[in-house]
Amino acid sequence: LCVLTASHVKAFLVRQGRLSRLGVGVWLIANLIATLYLGLFHQSGPIAVNHEIVAIANAADQQRNFSIHYLTGACHSTPLHSHLHSLTLTFDTWHLDCSPDCRQDSERLCETERFVHDPVMFIKQSYCRSFSRGRKSCKPAPDFVVTFSEYVPRIQDQLQALGLGLVARFPHHLNGLRIGGISLGPGLDDGASGKIALVDDLLQVSVEEVVLFSKHKRAQNAKKGEEL
């Protein structure tokens, strides 16, 4: 598009004189902001959370194999092994099923759909508690759970009951904007997204976050607290 329209844009700017320089300046600033946001911030959460998992796992004593469950409610929303590199550690990863076999069956609910519809019930039915160890269909609680901030208020108690504590949150993308009394997007009122206030609260943005729950970080924090 830029190549096709470049000559016409150049001719228009030459005719406009000073106004053209102002237009070019505005255009450059807008593109710089967009480039920085898309290159450094937008959807960076899944990569950052996997780096944090590797760091926590490296700090763990003796254990070399770790399990990670991605309860994100969306298909292929994490990079998995491409950012779980370690020469001394191994990671067993699991994510919600949204395979073509599942999606093409109109009478079957994929795990992604079941989780989004009722995340609390999904966790209760999927994971083994102390009173359900005999159930063959339940999974043992993993070392790490990764989810999005929109699900945290509903599932945090369930994950804590499985021994998983909230240890880190990573910005993923902007999902709301408020300028004065004008609001755009649902994030500012959902009670789950992170909030950033700028210019004496005249400008507010909300950020959907990738949230990490872990057994190991929680145990280390508890041990430090006991020592204090």
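- Nearest approach of S126 to R114, heavy atoms of both residues: OG-NH2, 4.4 Å.
- In this structure, CD1 on I123 lies 11.0 Å from NZ on K139, to the nearest 0.5 angstrom.
- Remark: L71 CG to L96 CG distance equals 5.5 Å, nearest 0.5 Å.
- By the 30° and 60° cut-offs, the orientation of the rings of H69 relative to W94 is tilted.
- The shortest heavy-atom contact between S67 and P142 is OG-CA, 3.1 Å.
- With rounding to the nearest 0.5 Å, the separation of NE2 in H216 from CD in Q63 is 4.0 Å.
- With rounding to the nearest 0.5 Å, the separation of CZ in R169 from CD in E52 is 14.0 Å.
- Side-chain atoms of S99 and D101 include no donor-acceptor pair closer than 3.5 Å.
- The six-membered or imidazole ring of F115 lies near that of Y151, with a centre-to-centre distance under 6.0 Å.
- For the pair R64 and N58, the tightest heavy-atom approach, listed with the atom from each and the gap, is NH2-O, 4.1 Å.
- Using modelled atom types, one finds a donor on one side chain and an acceptor on the other under 3.5 Å when comparing N65 with T90.
- The minimum heavy-atom distance linking V207 with S149 is given by the pair O-OG, 4.5 Å.
- The minimum heavy-atom distance between F91 and I68, with the atom names listed, is CD2-CD1, 3.6 Å.
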